[in-house]
Amino acid sequence: MIDIKNIREQQSLIQDRLAKRDKSINLDNIISADLSLRELTKKLNDLQSDQNRQSKEIGILKSEGKADDSVFAKLKELSNTIKDLEVEHRTKSKNLKSMLLDLPNIPHSSVPVGTSEKDNALIKDCESKKEISFSPKSHVDIAQDLDLIDFEAGAKISGAGFPLYKGNGALLERALLNFMIDFHLKNYNYTEFFTPFLVKPDAAITTGQLPKFDEDMYHIEKDELYLIPTAEVPLTNIHKDEILELSALPKYYLANSACFRREAGSYGKDTRGLLRVHQFNKVELVKFVHPDSSYEELESLKNQAIKLLDLLELDYRIIELCTGDLGFSAAKCYDLEVWAPGEEKWLEVSSCSNFEDFQSRRGNIRFRDESGKVDFVHTLNGSGLATPRIFAALLETHQNQDGSITVPVALQPYLGLAEIK
RNA sequence: GGAGAGGUGGCCGAGUGGUUUAAGGCGCACGCUUGGAAAGCGUGUAAGGUUAAUAGCUUUCGCAGGUUCGAAUCCUGUCCUCUCCGCCA
């Protein structure tokens, strides 16, 4: 959520910066709603003050046995006026809040300007892809030939997009997750969590999935709970409505979770195999940091995810999203993409974002700064990493002509195998 | 799912309709005291809105409504925690 005071004070500046993301955004309604709400607040507060004072006087009169009906009648009128204004105030305040919740974050000034994916900046290209001397198979065929995934059975049980990992496939999935979790825990100062997979609407509002992207989430109406699209949601909400001590920052949190995505509107796109599924696993990294250091933290987050790709011996490139392609909550975002030689596609396996105070404002996550003043923390997150596309790229990159897979050295202890055949 | 108890400031806890402007304690901060510390004594100690303001006003006692001139207190709904019973991995 963007600070209303900020919008109030520099409307045109913010308007311009949001226009780089979406030209249709207009702040005029918000400005006028804010103005009218503030006028109403002033009026209401004055009347409340009057009511408080007079009620207190009645209290004293009554205790002295001197109160008569005329005083009550007079105050009844005031009380009714206040009640009406309170209703109006509530409505207007909800209205403004909902407008603010629908507004995306302001892109950081360093973000390349553009309208879509095609304007994203290539930060680091892959210098030389691993050479494969034969025609590489798709991960779908490899997985089927080696009996690693039973897509048909998954579809029978839950529908398309719910892969059923089997035998060495299930083992590889588990090995990948454990390898990645251990990597972060051993090399960086992360605290591991295992979170709930179902969350209240408020939690999804904090991170920005709600209220705008309700259609993308699995929703259990009976209990008013949502299935998490990423562990970012529960992790970020751990400190909802809290004021953290300065000494507690930065906080580095990690969780492996199943992620559930409806992928509404993306039917027909990447439907084959593991490229776009409704349920997958991901190791998520979340940071709560001092506002002064959030951009350094973004770089280190990105570098951390990259190291995993090196260890898995995958070919990758780094993209910086342009203003038009940036996610709703992000101020700046890097995507890591791995090369899948069978599919002949770059696959997004990690997204590392700085949300600045966008999420912390929505979730009321604050800290006490050097001077004792309360301010919002900055939050960041990054995938480290999402497995299905890593799984796919791994099979395709490390496949041999005889159909076997050579397991990267770093992963071998977790798998207990040097090759899958 | 059924029955009961409870949710008050950083923490504990008093408060069942009106000087509550939330007692008291703990913790914390500062000061006095001291050779120094502890103890003791004193002062201070929430967040949001508005504002030039650390002034004033206002909101907030889980949350949302309601009753009343006036609600932490009464009523309704709801969420959460705990205990017991039932079911269950």
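Residue numbers begin at 1 in each chain, while the letters A, B, ... track the order of the sequences.
Partner assigned to G31(B) is C41(B), using Watson-Crick or G-U wobble distances below 3.5 angstrom. Pairing for A52(B) is absent, with no Watson-Crick or G-U wobble pair whose two atom distances lie under 3.5 Å. In this structure, C11(B) forms a base pair with G25(B), meeting either the Watson-Crick or the G-U wobble geometry with both donor-acceptor distances under 3.5 Å.
Only the C1' atoms considered, G27(B) is 24 Å distant from U81(B), to the nearest whole Å. With C1' as the reference atom, G18(B) and G13(B) are 24 Å apart, rounded to whole Å. Going from the C1' atom of U73(B) to that of U67(B) covers 13 Å, rounded to whole Å. Using atom P as the reference point in both G2(B) and U8(B), the two lie 26 Å apart (nearest Å). Comparing the P positions of G66(B) and G56(B) gives a spacing of 31 Å, expressed to the nearest Å. Distance check on atom C1': G15(B) versus U20(B) gives 9 Å, rounded to whole Å.
Relative ring orientation between Y188(A) and H184(A) is described as tilted, the plane-to-plane angle lying within the 30° to 60° band. Between Y218(A) and F162(A), the ring planes lie tilted relative to each other; the angle falls in the 30° to 60° range. By the 30° and 60° cut-offs, the orientation of the rings of H239(A) relative to Y253(A) is tilted.
Using a 4.0 Å heavy-atom criterion, one finds that K42(A) contacts no nucleic acid atom at all.
Counting to the nearest Å, the P atom of U59(B) and the CG atom of L85(A) are 13 Å from each other. Rounded to an integer number of Å, the gap from K94(A) NZ to G65(B) C1' is 10 Å. What separates CG of L47(A) from P of G70(B) is a distance of 13 Å, to the nearest Å. To the nearest angstrom, C1' of U60(B) lies 13 Å from CD of E86(A). Straight-line distance from the CD atom of E242(A) to the P atom of A47(B): 15 Å, rounded to whole Å. When rounded to the nearest whole Å, the span between NE2 of H89(A) and P of A64(B) equals 14 Å. Whole-Å rounding puts the N364(A) CG to A46(B) P distance at 17 Å. In this entry the distance linking CG of D202(A) with P of A64(B) reads 11 Å, nearest Å.
For G70(B), the OP1/OP2 oxygens have a side-chain nitrogen or oxygen of Q51(A) closer than 4.0 Å. In this structure, K5(A) reaches the G49(B) phosphate: one of its side-chain N or O atoms is under 4.0 Å from OP1 or OP2. At G10(B), none of the side-chain N or O atoms of R368(A) fall inside 4.0 Å of OP1 or OP2 (strictly under the cut-off).
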Exercise. Given D216(A) and Q209(A), is the side-chain hydrogen bond (donor to acceptor under 3.5 Å, both in side chains) satisfied, shown in steps?
Worked result: CA-CA 8 Å; D216(A) 296 337; Q209(A) 284 81 15; over 6 Å; no
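Taken to the nearest 0.5 Å, the CG atom of L148(A) stands 10.0 Å off from the CG atom of L171(A). Between atom CG of residue L380(A) and atom NZ of residue K332(A) there is a gap of 12.0 Å, rounded to the nearest 0.5 Å.
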For this session: Classify every nucleotide of nucleotides 51-58 of chain B by which part a protein heavy atom approaches to under 4.0 Å, writing B for the base, S for the sugar-phosphate alone and - for neither, in 5'-to-3' order.
Result: S-----SS
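For K212(A), the NZ atom is densely surrounded, since the number of other residues' heavy atoms within 6.0 Å is greater than 12.
Checking side-chain atoms of E192(A) against main-chain N and O of N256(A) turns up no donor-acceptor pair under 3.5 Å.
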